[in-house]
Number of protein chains: 4
Amino acid sequence: MPTSKKTTPTRREELLATAAEVFAEHGYRATTVRRIADEAGMLAGSLYYHFDSKESMLDEILTGFLDDLWARYDAVLAAGHGPRETVTALVTESFREIDRHRPAVALYQRESAHLAGNPRFAYLADSRRRFEEMWLGVLRRGVADRAFRADLDTRLAYRFLRDTVWVAASWYRPGGTHSAEEIARQYLSMVLDGIAPRP
Amino acid sequence: MPTSKKTTPTRREELLATAAEVFAEHGYRATTVRRIADEAGMLAGSLYYHFDSKESMLDEILTGFLDDLWARYDAVLAAGHGPRETVTALVTESFREIDRHRPAVALYQRESAHLAGNPRFAYLADSRRRFEEMWLGVLRRGVADRAFRADLDTRLAYRFLRDTVWVAASWYRPGGTHSAEEIARQYLSMVLDGIAPRP
Amino acid sequence: MPTSKKTTPTRREELLATAAEVFAEHGYRATTVRRIADEAGMLAGSLYYHFDSKESMLDEILTGFLDDLWARYDAVLAAGHGPRETVTALVTESFREIDRHRPAVALYQRESAHLAGNPRFAYLADSRRRFEEMWLGVLRRGVADRAFRADLDTRLAYRFLRDTVWVAASWYRPGGTHSAEEIARQYLSMVLDGIAPRP
Amino acid sequence: MPTSKKTTPTRREELLATAAEVFAEHGYRATTVRRIADEAGMLAGSLYYHFDSKESMLDEILTGFLDDLWARYDAVLAAGHGPRETVTALVTESFREIDRHRPAVALYQRESAHLAGNPRFAYLADSRRRFEEMWLGVLRRGVADRAFRADLDTRLAYRFLRDTVWVAASWYRPGGTHSAEEIARQYLSMVLDGIAPRP
DNA sequence: CATGAATGAGGTTTCATTCAT
DNA sequence: GATGAATGAAACCTCATTCAT
């Protein structure tokens, strides 16, 4: 019986959620601070009572998402499952994360590549590296254990998995016909077993 | 009447290639006309001798790419292969297109969603629709023909394929270790047969 | 009967002292109300319980300083000394004033010129005029009395004295190696007798 | 027949002169970019074709002045005069500099203290140090040579001279009744010999 | 007395675009 | 074909000030 930790969100959190939504829809650059303020029912200047800059909103949105994501990934990795189960759990957690933080994930997908050059967002490159290590590790172990095909190009498979999962944030809508878990199951069946029928 | 077909590229074409490169790297909004001009070794104002506007550069880049792409897709569809072969051919052509027009593809991937609302770029929504119809048609026929698994969620598989292929434009570099055809083969083996070993 | 004459300073006075310090350091314009409030350990809005506006703080600081200064100058002038003694007394009182109200003096020196146009600060121009009259009077009397050199350009000497004294507020720090009186003595010896040795 | 080296000033130089004028009159902070542009007969944004920022205008004005000043001071020092002549020459050059670069000097006087903390303006602190060394050197040599009084407090005299000279920029107007050289002569007679008659 | 939150005016800066030369 | 200079709209941000609590 999980007691909801969610107390009433602070004004900051509300505003960040609004900002994330708009950023995700139009892109960071194309989003004006005025637009966010409009959406929040205040004047553009008023946002600066809560945040230092437009960039710091972006920063907070991305770190909030990544911190949460890694906490969950770490829990999965700590469980010590076999490769197939680990892939399953990681993909499932990823789709759950899209469910929880859709705008942040879409934003991350859209902007992280060119933000990574900015010192303030160096953690994006760090995260990307951990990501790569994590997936390559799981995939290689899977190949070694014969959980995955021996001829698998793990680097390519890593990119394939990474992209496939996160791009879903661009079309996924919480409360749609499929739950995050269902989408994860479908994706996994394609990735693990392919779309061609097994004999 | 010197219509240059594939001989030396015109100055326009050179400039468009430059613009596409910069757009792809930084995003359309974040790219300044001055930056494109710098890269082309001229002043910002001088670009307006060649193009009406920044938007018209974007337009020309995207139509150039889509016209080419559809010509090739249409050729594949006209060949009348079976579903598995058609998927194979379409995916292969897609990766070849990334090879030929990488910046344009990356740009398309990044910007098409929110450009679609702009009347000038209505053709993006049209293209997207044709895309969807094409893929859904192939996939459904494949399920009917038992070329693909009976339990395949074709809408989800469509998104999966679409995203998976195009996102590759964000990391693919022509002249890397894998040719476009090799990457296509690897992707197809994952999509068609999965990463788990077949019994 | 709590009229605080010179006992514990009221909160207003404390806040004005803080404001004067910050104004003097960064200039009036460059000083934000928030900065003053920070320094005073409160929020910007809270200052408005004590003062009408940022400008009224400036006003109070400047009038406080000028009222005090003129009371002292008037006492000197009323004493009816000769020119040399009067100059000595005025310069000494000026340095004492710097000692007592350093931030206010620095502020006055820095801002009075362009504040003088503002009707609210018309008293600055008045004060400047009285200043000029006072000094010119003393210097001219001194020349007439042969207390000062016959060839003295009194207008130039006036500016020289005025500037020389007040600019000291920008580097003087109370509690330094020299007392106000000592600095006054040194200044006077330079002004009255020059830095070259007297035969 | 000194051939005027002054070719027609570039647009940049014209704009800098305008900016310096306005900065000097109202202070750097209180001066809006729009005000400068108005004075120059253009729109605020147009200034950014010529300069990176308001700060870079300030920077260029100050470096232009200081470079010129030091070139002249260095020439004086290189001449190897005795202390009294050196002081005379330095003060005279200073007043000439006020004549040439009045707004820049006024600006320097008004803003250098609090700009010095800004890394971009570190050269202000450097210049101030060289200034101090130069003056202290001359004064000490003068005391040793008996050109100046034995009891002279050289540190105090340095400040006295420094301030006295530069503050004149706040009231000096080129083309007034006194030439720069005349003012210098008067100042020097006060500083060197005092305002009291010599016996 | 003080806080937290907001306003609104105005500031600096960016940038696509124009145009005479 | 290209340059140098400018426009003008709109962006981000600052800050004195207000006010309910």
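- Put simply, CG on A:Asp38 is 14 Å from C1' on F:dA10, counting in whole angstrom units.
- Within the 4.0 Å cut-off from OP1 or OP2 of F:dC15, at least one side-chain nitrogen or oxygen of D:Arg29 is found.
- Checking E:dT17, E:dT13, F:dG1 against every side-chain atom of B:Val33, the shortest atom distance belongs to E:dT17.
- F:dG1 atom P lies 12 Å from atom CZ of B:Arg12, rounded to whole Å.
- A:Thr63 contributes a side-chain N or O that, together with a main-chain N or O of A:Glu60, makes up a donor-acceptor pair within less than 3.5 Å.
- One can place CE of A:Met57 at 8 Å from P of F:dC13, the figure rounded to the nearest angstrom.
- Between C:Lys54 and C:Tyr28 the shortest side-chain heavy-atom distance falls below 4.5 Å.
- Along DNA chain F, the nucleotide closest to C:Asp52 and the one closest to A:Glu55 are compared, and the more 5′ of them pairs with A:Glu55.
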Sort me out a list of protein N/O and nucleotides 7-9 of chain F N/O pairs below 3.5 Å, or just none if empty.
residue	atom	partner	partner atom	Å
F:dT7	OP2	D:Leu43	N	2.9
F:dT7	OP2	D:Ser46	OG	2.8

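- Around CZ of C:Arg29, the count of heavy atoms belonging to other residues, nucleotides or ligands within 6.0 Å does not exceed 12.
- Comparing E:dC15, F:dT17, E:dT13 by their closest approach to the side chain of C:Tyr48 singles out F:dT17.
- When the nucleotides F:dC13, E:dT13, E:dA5 are ranked by their closest atom to the side chain of A:Arg11, E:dA5 comes out on top.
- Pair assignment for F:dA10 gives E:dT13, based on Watson-Crick or G-U wobble hydrogen-bonding distances that are each under 3.5 Å.
- Whole-Å rounding puts the B:His50 NE2 to E:dT18 P distance at 15 Å.
- Taking the side chain as every heavy atom from C-beta outward, D:Leu43 and D:Arg34 never approach each other to under 4.5 Å.
- When rounded to the nearest whole Å, the span between CZ of A:Phe51 and P of F:dC15 equals 19 Å.
- The nearest heavy atom of DNA chain E to B:Ser53 and to D:Ser53 marks one nucleotide each, and the one closer to the 5' end goes with D:Ser53.
- Side-chain contact between C:Phe23 and C:Glu111: absent, with no pair of heavy atoms (C-beta onward) separated by less than 4.5 Å.
- Between A:Arg34 atom CZ and F:dA11 atom P the separation is 7 Å, expressed in whole Å.
- Side-chain proximity of C:Lys54 to the nucleotides F:dA11, F:dA16, E:dA16 is greatest for F:dA16.
- Across the protein-nucleic acid pair, B:Tyr28 atom OH and E:dC15 atom C1' stand 12 Å apart, rounded to whole Å.
- Using a 4.5 Å heavy-atom cutoff, the side chains of C:Leu16 and C:His50 are not in contact.
- Looking at heavy atoms from C-beta onward, C:Leu58 lies in side-chain contact with C:Leu115 at the 4.5 angstrom threshold.
- Residue B:Ser56 is classed as having no contact, given no heavy-atom separation below 4.0 Å to the nucleic acid.
- Taking atom CZ of A:Arg35 as the reference point, atom C1' of F:dC12 lies 17 Å away to the nearest angstrom.
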